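Protein chains get the first letters and strands the later ones, always in sequence-line order, with residue 1 at the start of each. What you see is a predicted model, and the numbers here were worked out from it, not measured in a lab.
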Amino acid sequence: MKCQKCDKPATFHITELTDGNPQELHLCEEHARQYLSQSSASQLESGNVAAVLAQQMAQHMAVGQTAEELARLDRQVCPVCGISFYDFRSQGRLGCPHDYRCFEQQLNALILNIHGETEHIGKVPKSGAQASKQRTQLIQLRREMKEAITEENYERAGQLRDTIQRIEQGDDPSKTPD
Amino acid sequence: MTRNPGQWLQGSGPESDIVISSRIRLARNLADFPFVGQASEADHQRIEEVLKNAVLGIEDTSRLLYIEVEDLASVDRQFLVERHLISREHAESQGIRAVAIDGGERFSIMINEEDHLRIQVMRSGLSLDETWEEINRIDDHIESNVTYAFHEKLGYLTACPTNVGTGMRVSVMLHLPALVLTRQIDKVFRSLQKISLAVRGLYGEGSQAMGDFYQISNQITLGRSEADLIQQVHDIVPVIIDYERQARDFLIKESHENLHDRVSRAYGILRTAQTISSEETMHLLSSVRMGVNLGLISDLEIPVLNELFLQTQPAHLQKLTGVELEESDRNIERARYLRRHLHGHAKGNELETN
């Protein structure tokens with residue numbers, strides 16, 4: 001496939017999401033860079049930094065991926081909080097801490113693009129907090145409880161609430177504030 | 001609280017003619033809850049309970065104001081936004097959410113904003129090291145009571161990947177009227193963007209640069225230590241201050257009459273207008289503030305002006321008046337307030353001159 005702007009081969013396939021309508025662009029590296037920096041610059045001049053970030057997010061994620069791959073990645077769902085990667089792409093907000101593991105592949109490229117780095121340097125919690133299985137399980141139980149309430153299955157919701165309380169109380173008692 | 005603005009507005013501290021305030025915020029989330037956007041109402045309530053307990057231990061409780069944002073009237077929410085104690089999002093969103101503010105308005109902690117916890121500490125003038133020490137202390141304290149979502153490689157986990165890592169935003173608010181007037185401000189912004197610093201208006205993301213106030217902050221939060229991020233902002237601020245001073249010198253030397261005229265007219269309008277919008281007030285106060293700093297106006301002081309910037313904003317004005325006002329009535333009330341305060345200072349007495 002040729003670049004839409006010149007005769008070089010198109011190596012970047014950008015899916016632009018404007019008002020929810022995907023539009024595909026096929027560009028060579030040079031024109032892709034030009035395109036990405038232009039659209040950011042125009043937004044930056046309007047002072048809307050949040051919009052720029054959201055846009056860059058959508059773009060960088062799409063760079064180098066075919067529409068098919070993109071659709072497959074979009075359908076992936078976090079088993080803990082239940083959001084799909086598409087949900088994240090459209091809202092710009094993740095659903096739970098576990099998303100960073102579940103969508104690692106998609107997020108790594110995005111994070112590298114935003115920050116230019118992929119590893120944290122700096123403050124670390126003194127307690128050396130790690131995502132324990134139990135905490136992740138709690139998030140999942142909370143989601144199931146939310147779903148049970150939505151479905152008006154109050155018996156199930158009650159059971160889930162009891163399970164959550166049991167885990168909360170057993171979970172590192174020094175850290176439970178009540 | 002209405003009558004006494006926070007410490008950060010007192011107009012003291014290093015370089016306070018140009019640097020209004022220093023501020024640092026940390027974004028934190030609990031490890032065992034979904035992020036705010038995905039959490040259920042019951043989760044929001046539980047998050048609020050857990051964090052309220054953790055937050056109340058920071059200070060002597062009598063000095064801490066704890067507010068459930070949902071219970072506030074809209075004018076009071078707006079008031080807190082004008083005070084920079086909560087974000088516009090926090091004021092306008094829905095669901096159980098809160099803010100804890102210390103008596104001196106030196107810090108505020110939002111619960112259930114975009115992240116479970118948004119801690120912010122502010123100081124007058126350029127004072128980032130002290131600001132960091134304070135926020136680090138608060139963060140340590142809260143962390144001793146809860147477990148934060150933390151990833152061995154990515155650091156503190158946040159609802160938006162733009163904040164992941166340190167979760168820290170360091171920002172310095174600057175008053176840059178001469179760079180605006182000499183049309184150099186865009187050039188400055190472009191060069192800041194090249195080194196990944198963001199420029200925002202008075203009320204953060206997407207807000208207009210009202211009154212020539214700009215916030216300079218770090219864009220990147222991952223892969224650089226807190227100390228490095230602070231240093232970068234700390235290093236760039238004197239450079240911008242220097243540009244602003246050069247632009248002021250240029251205006252004084254090259255178009256002294258024009259500048260003096262502009263400042264005097266602004267002062268004149270503020271002292272005589274019968275109805276005036278918030279935008280026009282900010283715009284004119286900005287000229288007057290620069291005039292005071294350059295010695296073109298001698299009967300006004302910076303702290304008085306800093307306070308006028310705040311008290312003439314819509315919610316503040318309504319709180320001072322004690323009643324809710326329509327926009328047209330606010331404009332009349334604002335003009336009255338300005339006349340009263342500026343004449344009082346100009347004549348060295350408290351004469352009412354309506």
J.: Under a 4.0 Å N-O cut-off, is there an ion pair linking B:Arg97 with B:Glu70?
T.: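 Judged by the 4.0 Å cut-off on N to carboxylate O distance, B:Arg97 and B:Glu70 do form a salt bridge.
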J.: So, for A:Val124 and B:Tyr156, which heavy atoms are closest and what is the spacing to 0.1 Å?
T.: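 It is C-OH, 3.7 Å.
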J.: Check each atom of B:Asn136 against the heavy atoms of chain A and say whether the ones under 4.5 Å are side chain, backbone, both or neither.
T.: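 It is both, since atoms from each part get that close.
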J.: Do any N or O atoms from the side chain of B:Glu244 and from the backbone of B:Leu179 form a donor-acceptor pair under 3.5 angstrom?
T.: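 At least one qualifying donor-acceptor pair exists.
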J.: Would you call the rings of A:Tyr100 and B:Phe35 parallel, tilted or perpendicular if under 30° counts as parallel and over 60° as perpendicular?
T.: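 Perpendicular: the ring planes of A:Tyr100 and B:Phe35 meet at over 60°.
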J.: Heavy-atom pairs under 4.5 Å with chain A - which of B:Ala39, B:Ala227, B:Ala159 has more of them than the others?
T.: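 Among the listed options, the one with the most contacts to chain A is B:Ala159.
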J.: So, B:Arg118 and B:Glu89, do they make that salt bridge, N to O below 4.0 Å?
T.: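 Result for this pair is no, no salt bridge flagged.
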J.: Give a yes or no answer on whether the side chain of B:Gln184 reaches the backbone of B:Tyr243 with a donor-acceptor pair at less than 3.5 Å.
T.: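 Flag not set: sc B:Gln184 to bb B:Tyr243 has no pair under 3.5 Å.
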J.: For B:His141, what residues pass the side chain to side chain contact (heavy atoms under 4.5 Å, CB included) criterion, not counting sequence neighbours?
T.: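 B:Ile58, B:Asn145.
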J.: Is B:Glu41 in contact with chain A via its backbone, its side chain, both, or neither, using a 4.5 Å heavy-atom distance?
T.: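 Answer is neither: B:Glu41 stays 4.5 Å or more from chain A.
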J.: Taking only residues two or more places apart in sequence or in another chain, which ones pass salt bridge (Lys or Arg N to Asp or Glu O under 4.0 Å) with A:Asp7?
T.: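 Here the qualifying residues are A:Lys2.
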J.: Is any side-chain heavy atom of B:Glu49 closer than 4.5 Å to a side-chain heavy atom of B:Lys52?
T.: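 No - every pair of side-chain heavy atoms lies 4.5 Å or more apart.
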J.: Could you list which of residues 143-157 of chain A have a heavy atom closer than 4.5 Å to any heavy atom of chain B, in residue-number order?
T.: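 The residues closer than 4.5 Å to chain B, in numerical order, are A:Met145, A:Lys146.
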J.: Pick one of side chain, backbone, both or neither for B:Asp43, based on which atoms fall under 4.5 Å of a heavy atom in chain A.
T.: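 Interface part for B:Asp43: side chain.
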J.: Mind ranking A:Glu119, A:Gln140, A:His98, A:Arg161 by heavy-atom pairs under 4.5 Å with chain B and telling me who comes out on top?
T.: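 The candidate making the most pairs under 4.5 Å is A:Glu119.
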J.: Is B:Asp140 in contact with chain A via its backbone, its side chain, both, or neither, using a 4.5 Å heavy-atom distance?
T.: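 Both the backbone and the side chain of B:Asp140 come within 4.5 Å of chain A.
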J.: Can you tell me if NE2 on B:His234 sees more than 12 non-hydrogen neighbours from other groups inside 6.0 Å?
T.: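 Enclosed: over 12 neighbouring heavy atoms sit under 6.0 Å from NE2 of B:His234.
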J.: Taking only Lys NZ, Arg NE, NH1 and NH2, and the carboxylate oxygens of Asp or Glu, determine whether A:Arg93 and B:Glu113 approach each other closer than 4.0 Å.
T.: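 Judged by the 4.0 Å cut-off on N to carboxylate O distance, A:Arg93 and B:Glu113 do not form a salt bridge.
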J.: With a 4.5 angstrom heavy-atom cut-off, could you sort out which part of B:Leu229 is near chain A: side chain, backbone, both or neither?
T.: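 For B:Leu229, no heavy atom lies under 4.5 Å from chain A.
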J.: Heavy-atom pairs under 4.5 Å with chain A are the metric here; pick the option from B:Gly167, B:Gly223, B:Gly37 that has the most.
T.: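 The candidate making the most pairs under 4.5 Å is B:Gly223.
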J.: Are B:Pro161 and A:Leu94 close enough that some pair of their side-chain heavy atoms sits under 4.5 Å apart?
T.: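 SC-SC contact between B:Pro161 and A:Leu94 confirmed.
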J.: Using non-hydrogen atoms and a limit below 4.5 Å, what part of residues 75-84 of chain A faces chain B?
T.: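 So far as heavy atoms go, A:Cys81, A:Ile83 are the residues that approach chain B to under 4.5 Å.
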J.: How about B:Lys187: does its NZ atom have over 12 heavy atoms from other parts shown lying under 6.0 Å from it?
T.: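 Atom NZ in B:Lys187 is not packed in, count stays at 12 or less.
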J.: Quick one: what part of B:Ser196 sits under 4.5 Å from any heavy atom of chain A, side chain, backbone, both or neither?
T.: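 The answer is neither part of B:Ser196.
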J.: If you look at every heavy atom in B:Leu222 and B:Gly165, which pair is closest and at what distance?
T.: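 Here B:Leu222 and B:Gly165 meet closest at CD1-CA, 3.6 Å.
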